[in-house]
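Report on one structure; see the data block that follows.
Numbers here are sequence positions counted from 1. Excluded from the calculations below are hydrogen atoms, water molecules and symmetry mates; all remaining heavy atoms, backbone and side chain alike, are included.
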Amino acid sequence: MASIPSPIHPESLRAVNKIAELSGQNVHECMQCGTCSAVCPMVSSMGFTTRQGIHYLQFGQVEPVLQARIGEFCASCHTCVVRCPRGIDVPRVFEAVRQLVLRTNTDLVTLGDIPKDTLAEAPQIAFVSTFRKLTS
Ligand code: SF4
Ligand code: SF4
C-alpha cells in the first residue's frame, strides 16, 4: 500500500525541529488563545501576529515565519512570557528563528540602507545593538 505523502516539506520540518532544540520550547503546548498577540508591543511591525507565528510552527511551516521577520522585530520585552497561560517563552522561540536566518549568512540590515538623517541623529548605542542583533 502506498504511503500517504506528508504535507510538511522535510526541510521545513528540520528547521522547526531546530527551532525547538535551540529554544527549548514546545510550541505544541500553545492553545492559540492569542494573549501573546494582544499584549505584544511590536505586533503591528511583524508580518503577522505572535499567535499566528506559533501556529505556523505547530504545523511545521517555517518559511512564513522566517519571512514575517518575527525574530527581527521581537523586542524581547517578555510581556507575552508573563501572560502566556501555557508558560511558553515566545521570545525564545523567535530568537531561535532569528538564529536560523543569521546562520544562512543573511544580514537583516546594511549600513547603506540607513537614511543619512538617521545616521546623523540616532545614538551610537542604537547602531551597536542593531548590528549585533541583525547581522551575521
Ligand atoms: S517578547 Fe517579543 S513577542 Fe513577546 S510581547 Fe515582547 S516583543 Fe512581543
Ligand atoms: S499566549 Fe501562549 S498559549 Fe496563548 S497563543 Fe500565545 S503562546 Fe499560545
Nearest 0.5 Å, please: how far is [atom2] in [Y] from [atom1] in [X]?
{"X": "K133", "Y": "R98", "atom1": "NZ", "atom2": "CZ", "result": "6.0 Å"}
{"X": "C74", "Y": "M46", "atom1": "SG", "atom2": "CE", "result": "5.0 Å"}
{"X": "Q52", "Y": "I70", "atom1": "CD", "atom2": "CD1", "result": "8.5 Å"}
{"X": "S76", "Y": "E95", "atom1": "OG", "atom2": "CD", "result": "6.5 Å"}

Worksheet item: In chain order, what residues pass the side-chain hydrogen bond (donor to acceptor under 3.5 Å, both in side chains) check against T104, with sequence neighbours excluded?
Response: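 Once residues adjacent in sequence are excluded, the partners of T104 under the side-chain hydrogen bond (donor to acceptor under 3.5 Å, both in side chains) criterion are T106.
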Item to complete: Please list all pairs passing the ring-ring contact (aromatic ring centres under 6.0 Å, His included) test where one or both residues lie in residues 22-52, with sequence neighbours left out.
Response: F48-Y56
Quick one: do [X] and [Y] end up in the same hydrophobic cluster if we chain Ile, Leu, Val, Met, Phe, Trp and Tyr together by side-chain heavy atoms under 4.5 Å apart?
{"X": "V39", "Y": "V43", "answer": "no"}
{"X": "F59", "Y": "M31", "answer": "no"}
{"X": "V81", "Y": "F94", "answer": "no"}

Discussion item. What I want to check is whether the side chains of T110 and D107 have a donor and an acceptor closer together than 3.5 Å.
Written reply: no
Fill in: Residues which pass salt bridge (charged side-chain N to carboxylate O under 4.0 Å, His left out) with R92, listed by chain and number, not counting sequence neighbours
none
Practice prompt. Please tell me if the side chains of Q67 and P64 come closer than 4.5 Å, counting only heavy atoms from C-beta onward.
Written response: no
Discussion item. Taking the side chain as everything from C-beta on, heavy atoms only, tell me whether T35 gets closer than 4.5 Å to C80.
Written reply: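 No; the side chains remain at least 4.5 Å from each other.
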Check residues 114-130 and write down every donor-acceptor pair under 3.5 Å in which the side-chain atom is one partner and the other belongs to a residue at least two apart or another chain.
from	atom 1	to	atom 2	distance (Å)
S129	OG	I125	O	2.7
T130	OG1	A126	O	2.6

Keeping to residues at least two apart or across chains, list the salt bridge (charged side-chain N to carboxylate O under 4.0 Å, His left out) pairs with something in [range].
{"range": "residues 63-73", "value": "R69-E72"}
{"range": "residues 75-90", "value": "none"}
{"range": "residues 18-41", "value": "K18-E21"}
{"range": "residues 34-53", "value": "none"}

Practice prompt. Only counting residues at least two apart or in another chain, list the ones meeting ring-ring contact (aromatic ring centres under 6.0 Å, His included) with F73.
Written response: none
Discussion item. Test of understanding: with side chain to side chain contact (heavy atoms under 4.5 Å, CB included), list the residues that count as partners of V27, not counting sequence neighbours.
Written reply: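 Scan of V27 (side chain to side chain contact (heavy atoms under 4.5 Å, CB included), adjacent residues dropped) gives I54, L57, Q58, V93.
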Please set out all donor-acceptor pairs under 3.5 angstrom arising from side-chain atoms of residues 10-17, sequence neighbours excluded.
from	atom 1	to	atom 2	distance (Å)
E11	OE2	R14	NH2	2.6
S12	OG	G60	O	2.6
S12	OG	V62	N	3.1
N17	ND2	L13	O	3.3

